[in-house]
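These notes are about the structure you will find just below.
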Number of protein chains: 2
Amino acid sequence: MGFTKKHIFDAQQNQIASFTKMLGHPARVSIIQHISQNKNCNCNTLVKAIGLAQPTISQHLAEIRNTGLLKQTVKGKNLFYSIDQDKLNACRRVLNDFFVKTQINSSK
Amino acid sequence: MGFTKKHIFDAQQNQIASFTKMLGHPARVSIIQHISQNKNCNCNTLVKAIGLAQPTISQHLAEIRNTGLLKQTVKGKNLFYSIDQDKLNACRRVLNDFFVKTQINSSK
DNA sequence: TCTTTTAATTGTGATATTGCAATATTACGT
DNA sequence: ACGTAATATTGCAATATCACAATTAAAAGA
């Protein structure tokens with residue numbers, strides 16, 4: 001087959017999987033960390049800092065962007081990225097809820 | 001290429017990516033939820049509850065097991081799974097640390 | 001011993017992901 | 001208009017993932 005059978009799972013399970021799948025690559029973890037720690041972080045900055053080719057970084061950025069975690073600001077030739085804190089908090093809450101439920105019920 | 005260049009990232013980034021990658025499939029999210037909510041949960045239970053074929057469930061279980069998140073108890077013919085709470089807590093702390101750092105520094 | 005149950009393993013086809021070179025696009029500077 | 005810088009897109013090869021049928025392995029019960 002090769003594709004995930006998403007339809008047999010509920011919305012919350014797919015949401016958790018979607019966010020963690022996006023985080024499931026060290027380059028994307030690193031990109032998010034860089035953006036959160038540096039103002040005026042653009043694609044070139046990330047290419048130099050991380051050491052992957054420009055198309056590769058651009059592609060990872062697109063995947064992060066697709067989850068809604070990034071905000072963009074155009075300044076001249078540059079496209080600066082920042083983290084959408086509301087979206088990040090929402091993801092954090094969903095994951096936290098998952099952890100809480102996975103812990104409480106297991107103590108029965 | 002096709003493979004991840006893990007060596008250019010640090011241990012923490014790879015650890016976050018490794019755990020979230022494991023969580024990045026709704027079947028594995030569902031399996032973990034089932035195990036945490038039911039005592040005496042075995043492979044067959046999960047096959048019936050989730051609706052994927054036995055080898056598929058077994059394979060997902062193996063991926064979760066490889067991150068160290070599962071404990072096993074043999075009772076007769078059955079192999080019951082439970083969540084390793086220490087491991088889960090460790091993953092939770094690492095992820096929480098990631099969230100905190102991603103939020104605090106972005107407010108500068 | 002033979003059958004049944006439980007679960008892991010193997011093999012395979014389909015699809016997705018990773019990474020990059022080459023190219024295209026867009027906008028700024030001259 | 002032209003050159004340059006920044007980034008996205010395209011195309012491609014290598015590898016990984018997903019799902020399952022068939023098989024194997026191990027243990028329980030008759």
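Computed from a predicted model, the values in this text were never measured in an experiment.
Within 4.0 Å of Thr56(B), counting heavy atoms only, lies at least one base atom of the nucleic acid. The residue Tyr81(A) sits close only to the backbone: its heavy atoms come under 4.0 Å of sugar-phosphate atoms, none of a base. Among the atoms of the strands shown, none is found under 4.0 Å from any heavy atom of Ile57(A). Contact annotation for Leu61(A): no contact, since no heavy-atom pair falls under 4.0 Å across all strands. At the heavy-atom level, Lys21(A) lies under 4.0 Å from the strands shown only through sugar-phosphate atoms.
Heavy-atom nearest nucleotides on DNA chain D were determined for Lys5(A) and for Ala62(A), and the one closer to the 5' end corresponds to Ala62(A). Mapping Ser58(B) and Gln54(A) onto DNA chain C via the closest heavy atom, the residue that lands nearer the 5' end is Ser58(B). Looking at which nucleotide of DNA chain D each of Glu63(B) and Thr45(A) is closest to, the 5′-most match is held by Thr45(A).
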I'd like a table of donor-acceptor pairs (distance under 3.5 Å, sequence neighbours excluded) in which one partner is a side-chain atom from residues 6-13 of chain A, with atom names and distances.
residue: Asp10(A); atom: OD1; partner: Gln12(A); partner atom: N; Å: 3.1
residue: Asp10(A); atom: OD1; partner: Gln13(A); partner atom: N; Å: 2.8
residue: Gln12(A); atom: NE2; partner: Asp97(A); partner atom: OD2; Å: 3.3
residue: Gln13(A); atom: OE1; partner: Asp10(A); partner atom: N; Å: 3.0
residue: Gln13(A); atom: NE2; partner: Gln33(B); partner atom: OE1; Å: 2.8

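Asn96(A) contributes no side-chain N or O that, together with a main-chain N or O of Arg92(A), makes up a donor-acceptor pair within less than 3.5 Å. Not a single donor-acceptor pair under 3.5 Å links the side chain of Thr56(B) to the backbone N or O of Leu52(B).
Between the CD1 atom in Ile35(A) and the CG atom in Leu46(A) there is a gap of 5.5 Å [rounded to 0.5 Å].
Regarding Lys77(A), its NZ atom lies at a distance of 15 Å from the P atom of dA8(D), rounded to whole Å. Lys6(A) has its NZ atom 13 Å from the C1' atom of dT17(D), to the nearest Å. Computed from coordinates, the Leu52(A) CG to dT18(C) C1' distance equals 9 Å when rounded to whole Å. At whole-Å resolution of the value, CZ in Arg65(A) and C1' in dT9(D) are 12 Å apart.
Smallest separation of non-hydrogen atoms from Arg65(A) and Leu70(A): N-CD1, 4.0 Å.
For Asn44(B) and dA7(C), the shortest distance from a side-chain N or O to OP1 or OP2 is below 4.0 Å. Phosphate proximity of dT17(C) to His60(A): absent, as no side-chain N or O sits under 4.0 Å from OP1 or OP2. In this structure, Asn78(A) does not reach the dA5(D) phosphate: none of its side-chain N or O atoms is under 4.0 Å from OP1 or OP2.
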